[in-house]
Amino acid sequence: MCKFIFSLLAWTFFWSQSVYALEQTYPFDDVNKSKVFDELTQELRCPKCQNQNIADSNAMVAIDLKNKTYELVKEGNSKQQVVDFMVARYGNFVHYDPPINSVTIWLWVIPVMILVLLIVVMLRRKKEAGPKIDDNYLAQAEALLAQAEQKNTKATKQDKEA
């Protein structure tokens, strides 16, 4: 049992060392550049992965993006310059906050249009679903009710006479 626990601990130690070896570090001389790099890796989206930023993704393209971001930030490019470079290279998909233009405006307009359309449809259905009583049907119902009352009164008179 002791051998098993010892081998398990040894395996865990060596495995954890390999995980540290895979983690890449991006050293900066300036703290502000390190902060900009961290913000950019959180804001830039991995082109390959579903909804992951390049800081969290381990895809090769995300690693390439991290390396290029590191290179650009280390050269002294501003945050916007790095974003512009990435957008020019990979398109608006690479940034989580795409600019509003003739294509992306539909992402905002279509849900509002659908909401307005649903409200209009609901209001019309509610208005149409209200009780509609035609005057002819109302007159027929009153006539039937009067006939039924007359039959009842005749039946009660006959019962009393009998």
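Worth knowing before you read on, the calculation uses all heavy atoms, side chains too, and leaves out hydrogens, waters and symmetry mates. Residue numbers start at 1 and run along the sequence shown. Computed from a predicted structure; not experimentally measured.
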**Report entry** Nearest atoms (heavy-atom pairs only) where Gln42 meets Ala55
**Finding:** NE2-CB, 3.6 Å
Query raised in the report: Who passes side-chain contact (heavy atoms from CB on, under 4.5 Å) against Gln81, sequence neighbours left out?
Result: Asn77, Ser78
Report task. Answer whether the closest heavy-atom distance between the side chains of Leu72 and Lys68 falls below 4.5 Å. Result -> yes
Query raised in the report: What residues, two or more places apart in sequence or in another chain, satisfy side chain to side chain donor-acceptor pair (under 3.5 Å) together with Asp84?
Result: Gln80
Query raised in the report: Is Met113 reachable from Ile100 through a run of I, L, V, M, F, W or Y residues, each pair having side-chain heavy atoms under 4.5 Å apart?
Result: yes
Query raised in the report: Going from CG on Asp64 to OG1 on Thr69, what distance comes out if it is rounded to the nearest 0.5 angstrom?
Result: 10.5 Å
Query raised in the report: Under the ring-ring contact (aromatic ring centres under 6.0 Å, His included) test, which residues partner Phe28, sequence neighbours left out?
Result: Phe37, Tyr70
Show the atom names and distances, to 0.1 Å, of all donor-acceptor pairs under 3.5 Å that link a side chain in residues 45-52 to residues at least two apart or in another chain.
| from | atom 1 | to | atom 2 | distance (Å) |
| --- | --- | --- | --- | --- |
| Arg45 | NE | Phe93 | O | 3.3 |

Query raised in the report: Below 4.5 Å, heavy atoms only, C-beta onward: do Tyr26 and Lys74 meet side chain to side chain?
Result: no
Query raised in the report: Just wondering, do Leu44 and Tyr90 contact through their side chains at under 4.5 Å, heavy atoms?
Result: no
**Report entry** Non-neighbouring partners of Ile110 that pass side-chain contact (heavy atoms from CB on, under 4.5 Å), sequence neighbours left out
**Finding:** Trp106, Ile114
Query raised in the report: Going by heavy atoms in the side chains, are Asp97 and Glu43 under 4.5 Å from each other?
Result: no
Requested in this report: Give me the other members of the hydrophobic cluster that Leu115 sits in, counting Ile, Leu, Val, Met, Phe, Trp and Tyr linked by side-chain heavy atoms under 4.5 Å, directly or via other members.
Outcome: Ile119, Leu123
Query raised in the report: Less than 4.0 Å between a side-chain N and a carboxylate O, is that true for Glu128 and Arg125?
Result: no
For residues 144-151, which side-chain donor-acceptor pairs fall under 3.5 Å, sequence neighbours excluded?
none

Query raised in the report: Between Ser57 and Ala59, is there a donor-acceptor pair closer than 3.5 Å when you use the side chain of the first and the backbone of the second?
Result: yes
Report task. Go through the structure and list residues passing side-chain contact (heavy atoms from CB on, under 4.5 Å) with Lys35, not counting sequence neighbours. Result -> Glu39
Query raised in the report: Near Asp134 CG, under 6.0 Å, is it more than 12 heavy atoms from other residues, nucleotides or ligands?
Result: yes
**Report entry** Partners passing side chain to side chain donor-acceptor pair (under 3.5 Å) against Thr104 (at least two apart in sequence or in another chain)
**Finding:** Asn101
Query - Contacts of Val36 that satisfy side-chain contact (heavy atoms from CB on, under 4.5 Å) - sequence neighbours left out - result: Leu40, Val73, Lys79
Query raised in the report: Of the non-hydrogen atoms in Val94 and Leu65, which two are nearest, and what is the gap between them?
Result: CG2-CD1, 4.2 Å
Requested in this report: Of all the heavy-atom pairs spanning Pro111 and Leu107, show the shortest one and how long it is.
Outcome: CD-O, 3.2 Å
